[in-house]
Amino acid sequence: MSQDSYRPSFNLSRVDASVAQPVRLFFASAFLWLVLASMIAVITAIQLKDVSFLGGCSLTTYGRLKALESNLFTYGWLTNALFAINLWLMSSLTRFELKNAWLANVGGVVWNLTLTYGAYQILMGKMNGFSLLEMPKEVALASWLGFLLAALWPAVAFSRRPTGHVYVSQWYILGSTLVFPITFALTQLLVLWCPAQGVLQALVHSWYYQNLHLLWFASSAIAAVYYFIPKESGRTVAAYYLSTIGFWTFFLFASWTGPATLLGSPLPLWVQSVGVVAALLMLIPFAILAIHFLGTLSWNRGISQSWNNTTLRFVLVAIFALILWGLLFAVSSTRGFNAVIRFTAFTVGLEHLLSYTFVSFVIFGAAYFILPKITGLLWLSPKLVHLHFWSCAIATVSLLIITLGGGWQQGSGLRADWPSALFPTFLLLIGHIAFVINAWGMLCSKLSSGYKPTHA
Amino acid sequence: MKNIKFIFAGVVFTLAASFLGILLSGRVQLGSLGRAPAEEGGLLFPPREPGLAIQGREVYLSLGCVACHTQQVRPASQGNDIAKGYGPRHSVARDYILQSSVLLGTHRIGPDLANYGARAASENEIHQHLLVPKAGSAMPSYAFLYTRGKDGTLVPTEKAIALVAYLKSLKIDYSSPEAKLNQ
């Protein structure tokens, strides 16, 4: 993290220049949504402590703000950022120069406009009851098209690539790019457009939820980890021959894990058991990922080497989060354990572990690497980078302790109230503002002068 | 694995497998579930929902009550819901077949409401609870669902009336073929 604070600019490579515009658009919107979502998170955390806070009108009532927060976080922050990372990664691995950047831009604009409209409708109270499907069904088609236009390009780059070599990262990107549109379309159809009967809706929703988190978010983030570890540490991935098994078992089992989140629900027992088995089988790909990631970094002082590299420092935290999640998810899918933690803050902690401590930390690490490549500038302030890392790292660890520990206490009857995560939520906001100031500094300073700096 | 068609085909296969394996077979088993009497010749359950309750569900949805409340009672073997008094029996799939949108919920910041209608005292009391929830609890006040009448008393809006009708309709105090009440 010892970058000089003066900012020389350098030429972009041809490949980077060809994707710079959409990647900047995706990142810029992701950062905006991140800050908004974190602000709303602070408000809802206050509301849990002080119910009268902004409680006087329907617009800012807890139920709506909570739905808004999670939608902006997942579809605004995570999804936009992964559009950017997948596109940049794939084109730089294939050396593919994107000709139709404007189409990707259109996709990004459509995606973000539909999200804005959906967010407005949620605030107005026009929403559905399933988490992350709250946005009204009429935005579905536009979202879907926007997603295809924005996220399709890695597949195009791969099939038209000038170089022949194939990397593991590319499999995961291709897989995740395909999974989201299929899952989203089927789910919209079966939950909102022609709703399945009764509790089947919940079953479809669990399928969507797990596919979204494991096969779109986590899978894209895994792709990035597979790229950054060898790239930034100069090591080759340990036990590389396991990667095919790892990839296929991950995709095969992940989409069966939905019912494991519905234990004790009115669904047939065999469906629930299938989910439990899948959650346990997920330990296979997780073991392989652990061997690949930790195995590569753990020998010969690799961990301390990573610690001194901004990108790898974030990625390192993320790797531990991923492995911990795999273990906790398997454990919490066993019936006895699940009976205790179901419906408590523990489940909030698990979700945070995956979508924040793993996926978001990978995104941060990747952004520190990619933004200089596509702007030709260095990061404005190393101090802000430190502030960002430390406040988010401390916040995420304390949030996990509060929710996982507090949730366990709730379930075993040791406490009645819902554990408050106000302090870490506030700290996250600070970290995100530090990050976004730094990032927007880079994104904005070139807006007026085009994409190819002339002085090297 | 250099061929995009191979990767795509494989990924589609994995998705199709889980879709057929859990969603479609779940549908085969549950899709044709109808109302049924607990004993031959008895009343059909679940009961039809009153129109006002159906409107009330929309209010419940639009205020995001589902963020804090679940509507499912787990069997005694899978949690202590029944011991806590959330319901006299566990919820079964048949209980939900008439509901246009199912609000099982995922978090319990407040108590489960699957059987709330059976334990709620009077409509007045429910209105009172929505206006002034228990002190110190995380349940927000929904005072904006009430207006002040000419004589200064609080009058429930149409939304509040529908919401309370909905809350009153939430009941699993009847026997169903899958889960009998043990009396």
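Below, read A as the first sequence line, B as the second, and so on, with proteins coming before strands; counting in each chain starts at 1.
The two residues B:P75 and A:G264 make their nearest non-hydrogen contact at CD-O, 3.4 Å. Scanning all heavy atoms of the two residues, the minimum distance from A:S255 to B:T14 falls at OG-O, 3.8 Å. Of all heavy-atom pairs spanning A:G63 and B:A67, the tightest one is CA-CB, 4.2 Å. Contact detail for A:A155 and B:F8: the closest heavy-atom pair is CB-CZ, 4.0 Å.
Interface check for chain A: of the options B:V66, B:L103, B:I7, the most heavy-atom pairs under 4.5 Å are formed by B:I7. Highest contact tally toward chain A, considering only B:D112, B:I97, B:T106, B:L23, is held by B:L23 [criterion: heavy-atom pairs under 4.5 Å]. The most heavy-atom pairs under 4.5 Å with chain A, out of B:I4, B:V12, B:T70, B:D95, come from B:I4. With chain B as partner, the option from A:V191, A:V179, A:L65, A:T183 having the largest number of non-hydrogen pairs under 4.5 angstrom is A:V179. Per-residue counts of heavy-atom pairs under 4.5 Å with chain A were compared for B:G21, B:C65, B:A143; the largest is that of B:G21. Per-residue heavy-atom pair counts under 4.5 Å with chain B were compared for A:S58, A:A416, A:G275, A:S206, and the maximum is reached by A:S58.
For the pair A:L174/B:V11, no side-chain contact is recorded, criterion being any heavy-atom separation below 4.5 Å from C-beta on. Between A:Q201 and B:Y96, the closest side-chain pair of non-hydrogen atoms is not below 4.5 Å. Within the 4.5 Å cutoff, side-chain heavy atoms of B:L30 are placed close to those of A:L267. A:P266 is listed as a side-chain neighbour of B:Q72, based on a closest heavy-atom distance under 4.5 Å.
Taking a 6.0 Å sphere around CZ of B:F13, one finds it holds 12 or fewer heavy atoms contributed by other residues, nucleotides or ligands. The neighbour count for A:R335 CZ, taken as heavy atoms of other residues, nucleotides or ligands under 6.0 Å away, is above 12. Heavy atoms of other residues, nucleotides or ligands lying less than 6.0 angstrom from NZ of B:K159 number 12 at most.
Looking at A:L192, neither its backbone nor its side chain comes within 4.5 Å of chain B, counting heavy atoms on both sides. Only the backbone of B:V92 comes within less than 4.5 Å of a heavy atom of chain A; no side-chain atom from C-beta onward does. Both the backbone and the side chain of B:H107 have a heavy atom closer than 4.5 Å to some heavy atom of chain A. Both the backbone and the side chain of A:L263 come within contact range of chain B, judged by heavy atoms closer than 4.5 Å. Interface remark: B:S32 contributes backbone atoms only to the contact with chain A (heavy atom separation under 4.5 Å). For a residue to count as touching a neighbouring chain, one of its non-hydrogen atoms must lie under 4.5 Å from one of that chain's; by this rule A:F53 does not touch chain B. Interface residue B:S141: only backbone heavy atoms are found under 4.5 Å from chain A. Heavy atoms of A:L186 lying under 4.5 Å from chain B belong exclusively to its side chain. Using a 4.5 Å cut-off between heavy atoms, B:L145 makes no contact with chain A at all. For a residue to count as touching a neighbouring chain, one of its non-hydrogen atoms must lie under 4.5 Å from one of that chain's; by this rule A:T244 touches chain B with the side chain only. The contact between B:A93 and chain A is made by backbone and side chain atoms together, counting heavy-atom distances below 4.5 Å. With a 4.5 angstrom heavy-atom cutoff, B:F19 touches chain A via backbone and side-chain atoms both. Interface remark: A:N211 contributes side-chain atoms only to the contact with chain B (heavy atom separation under 4.5 Å). When heavy atoms are compared at a cutoff of 4.5 Å, A:Y62 approaches chain B solely by way of its side chain, counted from C-beta outward. Using a 4.5 Å cut-off between heavy atoms, A:V274 touches chain B through its side chain atoms alone. For a residue to count as touching a neighbouring chain, one of its non-hydrogen atoms must lie under 4.5 Å from one of that chain's; by this rule B:I22 touches chain A with backbone and side chain alike. Heavy-atom distances place the side chain of A:W207, and not its backbone, under 4.5 Å from chain B. Of the two parts of A:A345, neither the backbone nor the side chain holds a non-hydrogen atom closer than 4.5 Å to a non-hydrogen atom of chain B. Using a 4.5 Å cut-off between heavy atoms, A:F247 touches chain B through its side chain atoms alone.
Here the CG-CD1 distance, from A:L48 to B:I109, works out to 5.0 Å after rounding to the nearest 0.5 Å. In this structure, B:S18 OG and A:L215 CG are separated by 8.5 Å, a value rounded to the nearest 0.5 Å. Remark: A:F158 CZ to B:N3 CG distance equals 8.0 Å, nearest 0.5 Å. For the atom pair CG (B:L104) and CZ (A:F343), the distance works out to 8.0 Å, reported to the nearest 0.5 Å. Rounding to the nearest 0.5 Å places CE of A:M127 at 11.5 Å from CD of B:E58. Separating the OG atom in B:S25 from the CH2 atom in A:W270 is a distance of 3.5 Å, to the nearest 0.5 Å.
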Exercise. Test A:T61 against B:F144 for side-chain contact (heavy atoms from CB on, under 4.5 Å), laying out the working first.
Key: CA-CA 10 Å; A:T61 191; B:F144 54 78; 4.3 Å; yes
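Without hydrogens or angle criteria, A:Q197 side chain to B:L33 main chain gives a donor-acceptor distance under 3.5 Å. The backbone N or O of B:S62 lies less than 3.5 Å from a partner atom in the side chain of A:R64, making a donor-acceptor pair. For the pair B:R27 (side chain) and A:L200 (backbone), a donor-acceptor distance under 3.5 Å is absent.
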